[in-house]
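The shown structure was predicted, so the numbers you read here are calculated from the model rather than taken from an experiment. Along the sequence shown, residues are numbered consecutively beginning with 1.
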Amino acid sequence: MDEARAREVLAAAGVLPGAAAREARLLALGENAVFAAGDLAVKVGRDAELLDRARRELAVALWLAEAGVPAVRAAEPAALIVDGHPVTVWHRLPDPVRPTEPRDVAALLRLVHELPLPASFELPPRELLGGVERWLRLAGDVIDPADAAYLRERRDGFASAAAALTPHLTPGPIHGDALPRNVHVGPDGPVLIDLETFSADLREHDLVVMALSRDRYGLPAEAHDAFTATYGWDVREWDGCAVLRGARETASCAWVAQHAPSNPKALAEFERRVASLRDGDPTVRWYPF
C-alpha cells in the first residue's frame, strides 16, 4: 500500500468530509498510513489481515483510559473495513512541545507494567516474529530468495529459544513496540500512541527495544542510561536479553522487506541488515529509509 492507495481508502471511508480527506496530511506510512485532518487522525491498515489488531487497539485505548494511563484516545468505537483495509479514527493529539526522550518511554512503561491483565478482552502473546512471513510475502521476488530463507530460519530458531526463556520480571501487559516514536510529548506530558502491539508477555520485550536502539540505531549511551535509571532496571543484565534482541533484529529486518517493491532505499537497507546478521556483526549501524 502506497500513499495514493491509502488516500483512496481514506476518501472511500467517509470518516472525513471530502475536502478534508483530500487535504489530510500524511503523518506516517508503515503497517498503517496515518493521516491528520482537523482534530482527528485516521489510520488506514495495509490489508485485511490487520483488522483484528485494529479492533484490539481500540479496546486497549478504552482500557488504558479507564486505568488512567496517558494514551491516545479513539474518536470512533469501532473499526471499519473499507476496500479490504481496516480504518480507525482517533482524537488528534496537540502538537508536541519537545522531542520524545527515552526516559519518557520508561516512565510510561512503568505505568503499563504495573497493570493487571484486562478483564473485558484478551491480550495475545507478543508475536514479535509473527509478521515475518507476511512481510517477506509482500516483498515478493524483489528480495533475494536466499535472504528470505535465511530470515525464516532465524525466525524459527529464535522463536524456539524465546519460548524457553525464564523471565526476570513478572509477565503481564506490555506495549510491544516501546520506541520514542510511539510516545508523544504534548502540553500535558508524554502519552502512548500506536497501541496495536499491546500484548500479554514478558515485560523484557519492552526493554530490549531500547537496548537494541543503543546498539543498532545510534541511541547515545547516556540516553539509554536515562531510560534504565527511570525504569529501574537494565535488561542487559538478564541472561535472556540476547535471545529477545536476536528475535527483534530478525523481525525488524523482515519488516523493511515489505517496503522494498516500491522503495529502492528500503531494498538497500534490507540488504544491509541481512548482511550484518549473516556476518554476525552486532555493531553495524541500521538506518531508517
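- Using modelled atom types, one side-chain atom of E204 and one backbone atom of H168 make a donor-acceptor pair closer than 3.5 Å.
- Under a hydrophobic clustering in which Ile, Leu, Val, Met, Phe, Trp and Tyr are joined whenever their side-chain heavy atoms come within less than 4.5 Å, directly or via other members, V89 and L58 fall into different clusters.
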Output side-chain donor-acceptor pairs under 3.5 Å for residues 114-132, partner residues at least two apart or in another chain, one line each.
| unit_1 | atom_1 | unit_2 | atom_2 | d |
| --- | --- | --- | --- | --- |
| R126 | NE | G176 | O | 2.9 |
| R126 | NH2 | G176 | O | 3.0 |

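- Between the side chain of Q258 and the main chain of W255, a donor-acceptor pair closer than 3.5 Å is present.
- Note that NE2 of H85 and CE of M1 are 6.5 Å apart. Values are rounded to the nearest 0.5 Å.
- Closest heavy-atom contact between H184 and P94: NE2-O, 2.6 Å.
- Two residues are said to be in side-chain contact when any heavy atoms from C-beta on lie closer than 4.5 Å; W238 and L165 meet this criterion.
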Problem set entry | Step-by-step salt bridge (Lys or Arg N to Asp or Glu O under 4.0 Å) determination, D194 to R181 | CA-CA 9 Å; D194 287 345; R181 69 167 182 250; 5.7 Å; no
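- Between L151 and D147, every side-chain heavy-atom pair lies at or beyond the 4.5 Å cut-off.
- Across every non-hydrogen atom of T88 and A79, the tightest pair is CG2-CB, 3.7 Å.
- Not a single salt bridge (Lys or Arg N to Asp or Glu O under 4.0 Å) links R110 to another residue, sequence neighbours left out.
- F198 is connected to V69 through a chain of hydrophobic side-chain contacts under 4.5 Å among Ile, Leu, Val, Met, Phe, Trp and Tyr, so both are in one cluster.
- V44 has its side chain out of reach of V82: every pair of non-hydrogen atoms, C-beta onward, lies at least 4.5 Å apart.
- Counting heavy atoms from C-beta on, the side chains of S213 and L179 come closer than 4.5 Å.
- Salt-bridge check for K265 with E269: failed, with every basic side-chain N at 4.0 Å or more from each acidic carboxylate O.
- Connection of L195 to V34 is not established within any shared hydrophobic cluster, with ILVMFWY side chains joined at heavy-atom distances below 4.5 Å, either directly or through further cluster members.
- Here the NE2-CD distance, from H91 to E76, works out to 8.5 Å after rounding to the nearest 0.5 Å.
- The minimum heavy-atom distance linking V243 with A162 is given by the pair CG1-N, 3.6 Å.
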For this session: Take R46 and E196, measure what salt bridge (Lys or Arg N to Asp or Glu O under 4.0 Å) needs, and give me the verdict at the end.
Result: CA-CA 13 Å; R46 182 170 289 275; E196 59 196 9; over 6 Å; no
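- Counting all heavy atoms, side chain and backbone alike, L212 lies closest to R248 at CD2-CG, 3.9 Å.
- Heavy atoms of other residues, nucleotides or ligands lying less than 6.0 angstrom from CG of D279 number more than 12.
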Run the side-chain donor-acceptor check on residues 6-27: report pairs under 3.5 Å with partners two or more places apart or on a different chain.
| unit_1 | atom_1 | unit_2 | atom_2 | d |
| --- | --- | --- | --- | --- |
| R7 | NE | E3 | OE2 | 3.0 |
| R7 | NH1 | A24 | O | 3.0 |
| R7 | NH2 | E3 | OE2 | 3.2 |
| R7 | NH2 | A24 | O | 2.8 |
| E8 | OE1 | R5 | NH1 | 3.1 |

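- Within the 4.5 Å cutoff, the side chain of V191 has no heavy atoms near those of the V72 side chain.
- Looking at every heavy atom in both residues, I81 comes nearest to P86 through CD1-N, 3.7 Å.
- Looking at E31 and R134, their side chains come closer than 4.5 Å, going by heavy atoms from C-beta outward.
- The shortest heavy-atom contact between R155 and T250 is N-CG2, 3.9 Å.
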Atom pairs and distances, side-chain donor-acceptor, residues 218-229, under 3.5 Å, sequence neighbours left out:
| unit_1 | atom_1 | unit_2 | atom_2 | d |
| --- | --- | --- | --- | --- |
| T228 | OG1 | H224 | O | 3.4 |
| T228 | OG1 | D225 | O | 2.9 |

Exercise. After noting the C-alpha distance and the side-chain angles of R278 and V274, does the key distance pass the side chain to side chain contact (heavy atoms under 4.5 Å, CB included) rule?
Worked result: CA-CA 6 Å; R278 286 186 184 277; V274 172; 3.7 Å; yes
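- For H113, the side chain to side chain donor-acceptor pair (under 3.5 Å) partners at least two apart in sequence or on another chain are D206, Y231.
- Atoms CD and CG, from E271 and D144 in turn, are 8.0 Å apart once rounded to the nearest 0.5 Å.
- Distance CG/N32 to CD/E57: 7.0 Å, rounded to 0.5 Å.
- Note on residues 280-289: pairs passing side-chain hydrogen bond (donor to acceptor under 3.5 Å, both in side chains), not counting sequence neighbours, are S276-W286, D281-T283.
- Residues L192 and V183 meet the side-chain proximity criterion, which asks for heavy atoms closer than 4.5 Å.
- Linking Ile, Leu, Val, Met, Phe, Trp and Tyr residues whenever their side-chain heavy atoms come within less than 4.5 Å places L136 and L277 in a single cluster.
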For this session: Give the C-alpha distance, both sets of side-chain angles, the deciding distance and a yes or no for salt bridge (Lys or Arg N to Asp or Glu O under 4.0 Å) between R236 and D215.
Result: CA-CA 12 Å; R236 294 176 300 171; D215 297 338; 5.4 Å; no
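- The OG atom of S252 lies 4.0 Å from the OH atom of Y217; values are rounded to the nearest 0.5 Å.
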Exercise. Does the pair E249 and R154 meet the rule for a side chain to side chain contact (heavy atoms under 4.5 Å, CB included), with working shown?
Worked result: CA-CA 10 Å; E249 284 178 314; R154 273 185 64 97; 4.1 Å; yes
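- N182 places a side-chain N or O within donor-acceptor distance of the main-chain N or O of D177, the cut-off being under 3.5 Å.
- N263 contributes atom CG, which lies 9.5 Å from atom CG of L29 (distance to the nearest 0.5 angstrom).
- The shortest distance between side-chain heavy atoms of L267 and I143 falls below 4.5 Å.
- Residues V256 and V142 are members of one and the same hydrophobic cluster, defined by side-chain heavy-atom contacts under 4.5 angstrom among Ile, Leu, Val, Met, Phe, Trp and Tyr.
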Problem set entry | Chi angles and distances behind the salt bridge (Lys or Arg N to Asp or Glu O under 4.0 Å) call for R137, E133 | CA-CA 6 Å; R137 186 177 72 245; E133 189 61 37; 5.8 Å; no
Exercise. Given F289 and R272, is the side chain to side chain contact (heavy atoms under 4.5 Å, CB included) satisfied, shown in steps?
Worked result: CA-CA 12 Å; F289 53 88; R272 167 202 292 276; over 6 Å; no
